[in-house]
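Just below is one structure, and these are the notes that go with it.
Everything numeric in this text was worked out from a predicted model, so none of it was measured. Letters A, B, ... are given to chains in the order of the sequence lines, protein chains preceding strands, and every chain is numbered from 1.
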Amino acid sequence: MNLKSLNINQRKAVEKIGGPILVFAGAGSGKTRVLTYKIAYLISEVGILPENILAVTFTNKAAQEMKSRVSQLVSSEISGISIGTFHSISAHILRRDINLLGYNRDFTIYDQQDSKALVKNVIKKLNLDIKQFDPKSMQIRISNAKNQLHSMKYIEDSIENYTDKKFHQIYSEYQNELKLNNSVDFDDLLLLPIEIFKNNPEKLNYYQSKYKYVLVDEYQDTNKPQFEFVHLISSIHKDIFVVGDDDQSIYGWRGADISNILNFQEAFGQSEIYKLEQNYRSTKNILEAAWSVVSKNTHRSEKKLWTDNNDGEKLDIIAGFDERDEAKKILDKIVSNKYKLNESSILYRTNSQSRAIEDELRKSGIAYHIVGGVKFYERKEIKDLICYLRVIVNSDDSISLDRIINFPPRGLGVSTVSKINEFREKNNMSFFASIQDCSNIGIPDKQLNTINDFNKLINKYRKQSLNEKGSQILDNLLNDIKLKDYYYSQKTDEALNRWENIQEFLSSIVEYESNNPNSTLASFLEEVSLLTDIDKWNDSNDAITLMTVHSAKGLEFDCVYISGLEDGLFPIVRYLEDTDIEEERRLFYVALTRSKKKVVLSYAKSRRKFGSDPILSVKSRFIDDIPEDLIYEKIVDKSNFYNNKVNIFSKLSKPMNNNIKVGNLVEHKIFGKGKVLYIDGQGENSKLTIKFYNNVTKKLILKYAKLKLLKDTYEK
DNA sequence: GGCGTTTTCATTTGT
DNA sequence: TGAAAACGCC
């Protein structure tokens, strides 16, 4: 095999066989190339069969690309190879073996919305106050516990107060309910295979000998369960090859554990480490800017990217008066630039920032596509149909059943449903099982008849699903439940639009079936829950791409616009305590290193948050970290327009009665004394985050809060 | 008891 | 801005 196109370190990493290998691969250093060549080398030079290789990528799209590149290199059939994300690989293992844990193979995969709904049901079932135990934060806490591999026993042992105690109850009941529903959440997808391996040595043994060589991409973003998974599979043969870059670790909030990569050697034993430090992607100026940011971090492995590329263009900085003006100025840049639209991307920290930019793009007629945000399959009208399909495949799935039992409205409201729920809780049975036989629990005849009709409908489709295609089932179902009439009768644009989306959904399942001839309805549902926007994205259309920095990981563009560079937004701050500034810096580093040729940084001097009055903002400290000599042009708003607006602001700000700063001790009429943790914006509209002495944290608008400043000293 | 309408309230990032 | 909860009408 010809390895001439690899540099010396890349080549060493590819040719080294036997034992654990860690490749530190900086941004743009040819990481994908190394992985692709490594797999091809294993197949064509070492003689390992494709079906004995497990390669884990970060997105499904990356998996597809890697597969097709490898097959080009080896010129032989590789369809037996396992390439995919942790979640899709785990899902496949569970489809085969989940019965060992007492679930059945038709299990549903719950997204966070479903999980939250289940947590909420559990809280209600345990008669706890929904205000005191917020379903969303309980769900996050459960997810964190799972990502930390905390066992139920551990959680029980570390109960310190009432909240902990109730949390333990909620978590444990949540897990019971999941099983009763024959459903798994995203975290279970990773945890259950590990449980299978631990309880069934012969299964572990099977996968250990099936996957003789294990490769992991983006290793810096693996969490504890993912580590455990690959560690178990490779623990005998130790043939594991991981690639990553600690500087690009941006998923700490999701449990990604940077020590996985930093402690690789300790975990896997005697191993080889290679460093790829030559960057082939970006100009010197971009790399230097990126370096000036990330080198401020203290927790990182020592390395510095370099490049043979030329200096290239310097960076531009744009400041808009507000988010709309920022967007307009970005558009001006896009128009005057020489870079192609499909080689350009506008990045932001939060999805909500896309709106202002989208509006301006639409006005000026520039083509764009947007990745992320509210996903297609999460739209209400689509999710409703998915829930029908889920119930048809897995009738134990109560969360989905709950969603469709009265959609479209058929006269089964809250009181009927809660009667059924009481009944099923008493008998610890699934929702569907309880509607089979609920004639003696005080439901009026009218509703009872409706339930029977609904029951017949579902059973009809359960039978159909055994030999009909999913697309056919969906088509029949749409007619049966008269959805078209339902939406058309509303006579609103929104309803018509929803019906159009449903048509699109129908064609997506048709397309899926033609691409996957042996597919089932269950496999379609699995794909739907694991596929992300980025997996479907392609840059072939002549359109600019809008997405979050997180979504842009692994991608590259000629020209990258990084917008919303304001303190508090990027780096983002909620509560001072839980902001990981180093991770924010890495995120900015990832954003910069997406660019090959040109970087444009932008911020707005004021910004509206969900339609409210504008709040003055301050330019990001990250901009100040970049040396002046790397900046070409600063387009700062000096127009009268801006100055006028500023005057308006200063007028508004006049009645400001005090100068409250972060760290000050203040007193509120109702909440009492507290410490100012964070101030969002400036002037009387600024929003203060205050932690009061009763341990309650509140966000208050300065002009309404009527705070008394008690102590004007900074506390650490 | 169901269902449409009004009000509230919350926003990082995503498999 | 948009979804979920609370409200109030049939």
Check whether any side-chain nitrogen or oxygen of [X] sits under 4.0 Å from OP1 or OP2 of [N], and answer yes or no.
X: A/Thr532; N: B/dT15; answer: yes
X: A/Ser529; N: B/dT15; answer: no
X: A/Asn351; N: B/dT13; answer: yes
X: A/Arg355; N: C/dG2; answer: yes
X: A/Ser551; N: B/dT13; answer: no

Check this for me: does any side-chain nitrogen of one of [X] and [Y] sit under 4.0 Å from a carboxylate oxygen of the other?
X: A/Asp384; Y: A/Arg498; value: no
X: A/Lys224; Y: A/Glu228; value: no
X: A/Arg355; Y: A/Glu358; value: no
X: A/Glu582; Y: A/Arg300; value: no
X: A/Arg410; Y: A/Asp453; value: no
X: A/Asp397; Y: A/Arg403; value: no

Report which part of the nucleic acid [X] touches: base, sugar-phosphate, or nothing (heavy-atom distance under 4.0 Å, all strands).
X: A/Asp111; result: nothing
X: A/Leu530; result: nothing
X: A/Lys553; result: nothing

Rounded distance (Å) that lies between atom [atom2] of [N] and atom [atom1] of [X]:
X: A/Phe376; N: B/dG14; atom1: CZ; atom2: P; result: 19 Å
X: A/Asn223; N: B/dT15; atom1: CG; atom2: C1'; result: 10 Å
X: A/Leu190; N: B/dG14; atom1: CG; atom2: C1'; result: 13 Å
X: A/Ile581; N: B/dT12; atom1: CD1; atom2: P; result: 17 Å
X: A/Glu566; N: B/dT12; atom1: CD; atom2: P; result: 16 Å
X: A/Ile89; N: B/dT15; atom1: CD1; atom2: C1'; result: 13 Å
X: A/Lys224; N: B/dT15; atom1: NZ; atom2: P; result: 22 Å
X: A/Asn147; N: B/dT15; atom1: CG; atom2: P; result: 14 Å

Specify whether A/Phe570 and A/Phe622 have parallel, tilted or perpendicular ring planes, treating 30° as the upper limit for parallel and 60° as the lower limit for perpendicular. perpendicular
Side chains of A/Lys419 and A/Gln447: any donor to acceptor distance under 3.5 Å? no
Heteroatom pairs (N/O) under 3.5 angstrom, protein to nucleotides 4-6 of chain C:
residue, atom, partner, partner atom, Å
C/dA5, OP1, A/Lys120, NZ, 2.1
C/dA5, OP2, A/Lys120, NZ, 3.1

For A/Tyr251, is the NZ or CZ atom of A/Lys553 found under 6.0 angstrom from the centre of its six-membered ring and inside 45 degrees of the ring axis? no
Any protein N or O atoms within reach of nucleotides 1-4 of chain B? Criterion: under 3.5 Å, listing atom names and distances.
residue, atom, partner, partner atom, Å
B/dG1, OP1, A/Lys419, NZ, 3.2
B/dG1, O5', A/Ser415, OG, 3.2
B/dG1, O3', A/Ser415, OG, 3.3
B/dG2, OP1, A/Gly413, N, 2.9
B/dG2, OP1, A/Thr416, OG1, 2.7
B/dG2, OP2, A/Val414, N, 3.4
B/dG2, OP2, A/Ser415, N, 3.2
B/dG2, OP2, A/Ser415, OG, 2.9
B/dC3, OP1, A/Gly411, N, 3.4
B/dC3, OP2, A/Asn406, ND2, 3.2

For A/Lys380, is the NZ atom crowded, meaning more than 12 foreign heavy atoms sit under 6.0 Å from it? yes
Check for me: is A/Trp253 stacked on B/dT13 by the 5.5 Å centroid and 30° plane-angle rule? yes
